[in-house]
Amino acid sequence: MAVIGIDLGTTNSLGCVYRNGKTELIPNAYGSYLTPSVVSMTEDGKLIVGQPAKDRLITHPERTVSSFKKDMGTGRSWKPGEKSFLPEELSSLVIRSIVEDAQNYLGEEIEEAVISVPAYFHDEQRVVVKRAGALAGIHVERIVNEPSAAALASYFTANEEQNMLVFDFGGGTLDVSVVDCFENVISINAISGNNHLGGTDFDRAMAEYFCFKNGLNYYLLDLPFQQSILRACEQAKIKLSTQSVAEVSLVHLNKNYNCIFDENVLFNTTHSLLESCKNVIGKAVKDSGFSASELDSLILVGGSSKMPVLQHYLSDALNIPVLKEENMDSLVTLGLGKY
Ligand code: ADP
Ligand code: MG
């Protein structure tokens with residue numbers, strides 16, 4: 001029976017299966033590998049998970065919850081509508097959705113999974129993740145650290161020891177780890193992070209700039225207009241990882257609003273965020289006891305690592321070669337297949 005790997009992310013979750021000597025990502029019902037870690041409740045009490053739930057962040061913000069992974073093990077509950085849920089209950093819905101996608105993809109029952117968690121998760125939080133799996137009807141065979149999985153995915157069985165920095169930049173969190181790889185054994189030497197720094201901060205900085213350019217004050221706008229500006233800015237940010245210019249153009253109350261973004265504008269509007277990223281790296285390196293010259297590479301992981309402005313900034317600011325793997329947002333998942 002197949003065991004699947006699940007990267008249970010704060011923003012997006014992914015599933016994989018190891019077959020015929022390689023890791024395959026599992027597509028969901030919408031043809032994507034990424035399932036947004038979002039849950040929404042309809043007026044008649046039905047729970048919606050993933051992309052359709054994410055779409056409801058704009059239309060039904062008060063009935064939709066996201067980023068609940070941050071509260072795993074804190075006992076805090078979330079209310080997408082009338083009923084309260086613990087983060088593990090919400091996470092179990094995301095896990096269930098991935099298990100069902102895997103069953104459809106593989107044509108067999110799935111009863112076991114390996115799930116990745118941030119390196120800083122303490123024992124109690126790991127127990128809570130196992131409980132989320134149980135609530136989703138699966139046995140969690142193993143809990144793996146996210147940076148270890150990412151390092152394993154990018155570490156070629158080089159015969160020599162390698163010290164790597166894993167820079168995992170997601171939607172709302174940055175985790176930096178110093179890992180030592182030798183003969184497929186990965187050990188984590190230091191971790192550092194910022195739980196309030198991620199891709200959404202770039203979206204907000206862009207949204208503020210968009211408003212400034214159009215004579216609006218972002219903080220005085222109604223919530224739905226703020227949300228649509230944020231969504232449009234996120235799309236422009238994503239476009240900028242494959243093209244040099246992206247335009248944000250919106251119509252609101254019969255008025256047109258426009259703004260052009262390129263790497264230069266993005267650099268100027270997000271400079272303090274980029275600097276914060278560098279500082280988190282500095283702290284991880286310092287805590288590891290290594291000097292930058294003793295580190296072999298920095299591996300870019302997570303959706304937000306796809307930003308060229310960040311890649312260029314880090315390449316210029318650091319003395320460490322920056323490794324750009326092709327599948328930054330699925331590197332953790334690809335590594336899970338190797339466990
Ligand atoms: P998490 O680990 O938090 O679950 P991900 O690694 O999936 O999250 O990262 C999600 C973030 O990545 C979002 O903020 C999204 O806007 C951003 N992102 C995804 N693709 C790109 C891209 N091509 N360029 C820039 N940012 C991207
Ligand atoms: Mg992640």
Side-chain angles (χ1 to χ4, degrees), residues 9-12 14 30-36 38 51 54-59 61 66-67 167-174 197-278 300-317 322 324-331:
T10 310
T11 318
N12 293 300
L14 294 88
Y30 306 91
S32 168
Y33 296 129
L34 301 183
T35 294
V38 184
Q51 190 56 51
K54 183 177 176 181
D55 295 337
R56 283 170 58 93
L57 272 175
I58 292 186
T59 55
S66 59
S67 293
F167 179 89
D168 187 350
F169 201 18
T173 53
L174 170 62
L197 179 62
T200 51
D201 296 298
F202 284 75
D203 305 340
R204 197 174 322 102
M206 291 172 76
E208 285 172 18
Y209 178 79
F210 172 87
C211 289
F212 168 72
K213 279 290 185 191
N214 285 282
L216 299 167
N217 182 336
Y218 176 77
Y219 294 95
L220 300 179
L221 303 177
D222 57 65
L223 192 62
F225 191 30
Q226 278 186 347
Q227 291 285 344
S228 33
I229 297 174
L230 282 176
R231 186 60 86 87
C233 286
E234 183 188 13
Q235 279 159 6
K237 175 189 76 175
I238 290 173
K239 279 190 191 145
L240 286 178
S241 64
T242 49
Q243 60 194 50
S244 56
V245 180
E247 185 179 12
V248 174
S249 176
L250 289 170
V251 179
H252 183 65
L253 304 174
N254 287 326
K255 280 179 84 172
N256 276 307
Y257 301 96
N258 300 290
C259 181
I260 304 248
F261 287 93
D262 61 18
E263 187 167 328
N264 207 17
V265 171
L266 197 57
F267 179 79
N268 290 325
T269 50
T270 63
H271 190 257
S272 64
L273 300 173
L274 296 169
E275 214 161 55
S276 302
C277 291
K278 187 179 72 179
L300 291 169
V301 183
S304 296
S305 284
K306 292 197 213 166
M307 288 186 289
V309 67
L310 173 82
Q311 297 168 359
H312 296 148
Y313 176 81
L314 293 182
S315 298
D316 289 347
V322 174
K324 278 181 271 177
E325 296 280 349
E326 219 173 288
N327 311 302
M328 290 174 206
D329 50 14
S330 52
L331 209 60

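All values below were derived from every heavy atom in this structure, side-chain atoms included, with hydrogens, water molecules and symmetry-related copies excluded. Keep in mind it's a predicted model, so treat the numbers as computed, not measured.
Going from atom CG of Leu230 over to atom CD of Glu234 covers 9.0 Å, rounded to the nearest 0.5 Å. Remark: Ile238 CD1 to Met307 CE distance equals 10.0 Å, nearest 0.5 Å. Taking CG of Asp222 as the reference point, atom CD of Gln227 lies at 10.5 Å (rounded to 0.5 Å). Here Cys277 contributes atom SG and Glu275 contributes atom CD; the two are 10.5 Å apart, rounded to the nearest 0.5 Å. To the nearest 0.5 angstrom, Ser241 atom OG is 6.0 Å from Lys306 atom NZ. Separation of atoms CD (Gln226) and CD1 (Ile229) is listed at 7.5 Å; rounding is to 0.5 Å.
A donor-acceptor pair is defined here as one N or O able to donate and one able to accept, closer than 3.5 Å; no such pair exists between the side chain of Asn327 and the backbone of Ser330. Under a 3.5 Å cut-off, the side chain of Ser305 and the backbone N or O of Leu300 do not form any donor-acceptor pair. Side-chain atoms of Lys237 do not come within 3.5 Å of backbone N or O of Met206 as any donor-acceptor pair. A donor-acceptor pair is defined here as one N or O able to donate and one able to accept, closer than 3.5 Å; no such pair exists between the side chain of Asn268 and the backbone of Val265. Remark: the backbone N or O of Gly170 is paired with a side-chain donor or acceptor of Ser304 at under 3.5 angstrom. Panel note: side chain Thr35, backbone Leu14; no donor-acceptor pair is recorded below 3.5 Å.
Contact annotation: the side chain of Asp201 approaches that of Arg204 to within less than 4.5 Å [non-hydrogen atoms, C-beta and beyond]. Between Ser66 and Thr11, every side-chain heavy-atom pair lies at or beyond the 4.5 Å cut-off. In this structure the side chain of Thr269 never reaches within 4.5 angstrom of the side chain of Phe202, judged on heavy atoms. Side-chain atoms of Phe169 and Leu197, non-hydrogen and from C-beta on, do get closer than 4.5 Å to each other. For the pair Lys54/Val38, a side-chain contact is recorded, criterion being any heavy-atom separation below 4.5 Å from C-beta on. Annotation: side chain of Leu266 is not in contact with side chain of Asp262 (no heavy-atom distance under 4.5 Å).
Legend: residues meeting ring-ring contact (aromatic ring centres under 6.0 Å, His included) with Phe267, ordered by chain and number and at least two apart, are His271. Taking Glu263 as the reference, Pro308, Val309, His312 meet the side-chain contact (heavy atoms from CB on, under 4.5 Å) condition, with sequence neighbours excluded. Taking the ring-ring contact (aromatic ring centres under 6.0 Å, His included) definition, one finds that Tyr257 meets it with Phe225, sequence neighbours left out. Under the rule for a ring-ring contact (aromatic ring centres under 6.0 Å, His included), Tyr313 has no partner lying at least two apart in sequence or in another chain.
When only modelled atom types and interatomic distance are considered, Gln51 and Asp55 share a side-chain donor-acceptor pair under 3.5 Å.
Taking both residues in full, the closest heavy atoms of Asp168 and Gly302 are given as OD1-CA, 3.7 Å, listed atom of the first, atom of the second, then distance.
Applying the side chain to side chain donor-acceptor pair (under 3.5 Å) test to pairs two or more places apart or on separate chains, those with a residue in residues 212-221 are Glu208-Tyr219.
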If you look only at distance, which donor and acceptor atoms sit under 3.5 Å apart when one is on a side chain in residues 242-249 and the other is two or more places apart or in another chain?
from   : atom 1 : to     : atom 2 : distance (Å)
Thr242 : OG1    : Lys239 : O      : 3.3
Gln243 : NE2    : Val245 : O      : 3.1
Ser249 : OG     : Asn258 : OD1    : 2.8

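Taking the six-membered ring for Trp and the full ring otherwise, the centers of Phe212 and Phe210 sit at least 6.0 Å from each other.
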